[in-house]
Amino acid sequence: MCGRIAVIASPEETAAFVGIGELESFPPRYNVAPTQPILVVMAGPQRPPGSNLPDRMAMLARWGLIPAWTKNPADMPLLFNARSESAIEKASFKTAMRHRRALIPVSGFYEWKKLPGNRRQPYWLRPRKGGLVALAGLMETWSEPGGSEIDTAAILTTGASADILHIHDRMPVVIQPEDFARWLDCRTQEPRDVAELMRPAQPDFFEQIPVSEMVNKVANVGPEIQDRVEPLPEAAPERAAKPKVEKRKSSDDGQMKLF
DNA sequence: CCAGACGTTGTT
DNA sequence: GTCTGG
DNA sequence: CCAGACGTTGTT
DNA sequence: GTCTGG
């Protein structure tokens, strides 16, 4: 799945990667969580033939898609992911899937591996070749009862590729640069035409870096949260190497008596 | 027809 | 346990 | 995704 | 808004 991302490339690098002329300046963000603004790239408005107008546009959207028909967002869970296998038919995603497919350029994402004993080992995953990666996304504009509009977005997920499975069974959908135009072209490409793009990334596309639990806290936003650490041991902690002394007096059964 | 849901992940 | 906030 | 809150009345 | 369930 994908519930935390990092966006640390420069605006210039990001603009070049997604085929946009220019982007407003923004700082590197090492720890971006749902509900926060993320950069979303979409196909631009239709152009007359030979026009110089850009064919792509970028915008900020709240990470957490709110379907257009939503009356009260509090009634919905936070839709920061959408399952690619079913998004075409789900009420919450189908219109966005048809009309508002998007790319979300990131430097990488974080994934948590569950270990025995409620422990979790976070990993930072970034493209092995370096640079940026484009995640498949959906955009939806929600109109508040008051009248103002909020742009929102979700990241599509698919099954994890083989090398990622030991961490988690889901991962974000990655769109390769040669497929950007087709993915974004909602005019001529029906959802079923781009379904084959929503597949697990090529194995070993991502480098997996175990990182400390610093990333857990959204308030930690510095580059040090991506420092490699020794991962927690896979096995449950060694049990009773030094057996604990029985704490209770033998005469006490340890049960609280209610009366 | 109207009422009510509309979601992901993970876990059992 | 469940919801909200980031 | 994870972390942290989760409440009322009344008074300043 | 659109689909499902009754």
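In the text below, chain A, chain B and the rest are named by the order of the sequence lines, each starting its count at 1.
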For [X] and [N], give me the distance from atom [atom1] to atom [atom2], rounded to whole Å.
X	N	atom1	atom2	result
A:R4	C:dG5	CZ	C1'	12 Å
A:E140	B:dG7	CD	C1'	14 Å
A:K71	B:dC6	NZ	P	14 Å
A:L79	B:dT9	CG	C1'	12 Å
A:N216	D:dC1	CG	P	12 Å
A:M76	E:dT2	CE	C1'	13 Å

Out of C:dG6, B:dT9, D:dA3, minimum distance to the side chain of A:R170 belongs to B:dT9
Per atom distances to the A:K90 side chain, the nearest of B:dT9, B:dG7, D:dG4 is B:dG7
For [X], answer base if it contacts any base atom (sugar-phosphate contacts may also be present), sugar-phosphate if it contacts only those atoms, and nothing otherwise; contact means non-hydrogen atoms under 4.0 Å.
X	answer
A:S92	sugar-phosphate
A:D169	sugar-phosphate
A:T95	nothing
A:A82	sugar-phosphate
A:Y110	nothing

Dot-bracket assigned to DNA chain E with the 3.5 Å Watson-Crick/G-U criterion, [ ] for crossing and | for other-strand pairs, is ||||||
